Amino acid sequence: MGTRIPVSISGNLVADPELSFGESGVAHAKLRVAVNQRLQNVDGSWRDGEPLFHNVSAFRALAENVANSLKKGDPVVIGGEMEFRHYDKDGVQHEAHRIVADNVGPDMRYGTVAFQRTPKASQEVLAGPTGPARRDLGPGEDWGAAPQGGLSSVPAGAARTINGLQM
């Protein structure tokens, strides 16, 4: 195993997340995030610095939620560990890094969101015109559900546009 360093970044998705499933069935989402540093000129004006591009991996439920919620251009905040590894290709030593995400979310400096809790594994998700609905599977099988309407007064599945961003 290579060196791992805790990191936190905020930037924009360069492409839609790519969701795949390993041989064991574990979900894996690959993200590419551009981070721009803002620099102040001598005259006090601001400019963008050179962007840094990070490869990010998310696993399991986080991977599925990321793939279902985010798209190219979305501003994101990511916390996790930077992982470095060394490998040999055609006799030449190379170094690669990626961020293994512990958490991923929208950067709320640029918009608002309506949080919708994912149903528990003990509940069946039914697709409907207003979004997923919950159905109890029977006595003793329901582990609890999210509050009706989620944590926001915005109806589930409703999209809003704030500052040019659709959330």
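These figures come from a predicted structure and were not determined experimentally.
- The structure places CG of Leu39 at 8.0 Å from CH2 of Trp46, a figure rounded to the nearest 0.5 Å.
- Once rounded to the nearest 0.5 Å, the distance linking CG of Asn68 with OG1 of Thr118 reads 9.0 Å.
- Counting heavy atoms from C-beta on, the side chains of Val33 and Asn12 never come closer than 4.5 Å.
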Please tabulate, one pair per line, all N/O donor-acceptor pairs under 3.5 Å involving side-chain atoms of residues 51-66, not counting sequence neighbours.
from: Asn55; atom 1: OD1; to: Arg32; atom 2: NH1; distance (Å): 2.8
from: Ser57; atom 1: OG; to: His28; atom 2: NE2; distance (Å): 3.0
from: Ser57; atom 1: OG; to: Arg98; atom 2: NH1; distance (Å): 3.1
from: Asn65; atom 1: ND2; to: Ala61; atom 2: O; distance (Å): 3.4

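- In this structure Glu95 satisfies the side-chain contact (heavy atoms from CB on, under 4.5 Å) test together with Phe84, His86, sequence neighbours excluded.
- How far CD1 of Ile78 is from CD1 of Ile99: 6.5 Å, rounded to the nearest 0.5 Å.
- In terms of hydrophobic clustering, with Ile, Leu, Val, Met, Phe, Trp and Tyr side chains grouped at heavy-atom distances under 4.5 Å, Val100 and Ile5 are assigned to different clusters.
- Remark: Asp43 engages no residue in a salt bridge (charged side-chain N to carboxylate O under 4.0 Å, His left out) (not counting sequence neighbours).
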Distance-only donor-acceptor hits, side chain of residues 14-21, under 3.5 Å, sequence neighbours excluded:
from: Asp16; atom 1: OD1; to: Lys72; atom 2: N; distance (Å): 2.7

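- Under the rule for a ring-ring contact (aromatic ring centres under 6.0 Å, His included), the partners of His94 that lie at least two apart in sequence or sit in another chain are Tyr87.
- Of all heavy-atom pairs spanning Leu70 and Asp74, the tightest one is CA-OD2, 3.4 Å.
- Applying the salt bridge (charged side-chain N to carboxylate O under 4.0 Å, His left out) rule to pairs touching residues 45-59 yields Arg38-Asp48, sequence neighbours excluded.
- Under the rule for a side-chain contact (heavy atoms from CB on, under 4.5 Å), the partners of Ser10 that lie at least two apart in sequence or sit in another chain are Val77, Asp107, Arg109.
- From Met82, atom CE reaches atom CD1 of Ile9 across 7.0 Å, with rounding to the nearest 0.5 Å.
- In this structure, the separation between OG on Ser8 and CD on Glu81 is 13.0 Å, given to the nearest 0.5 Å.
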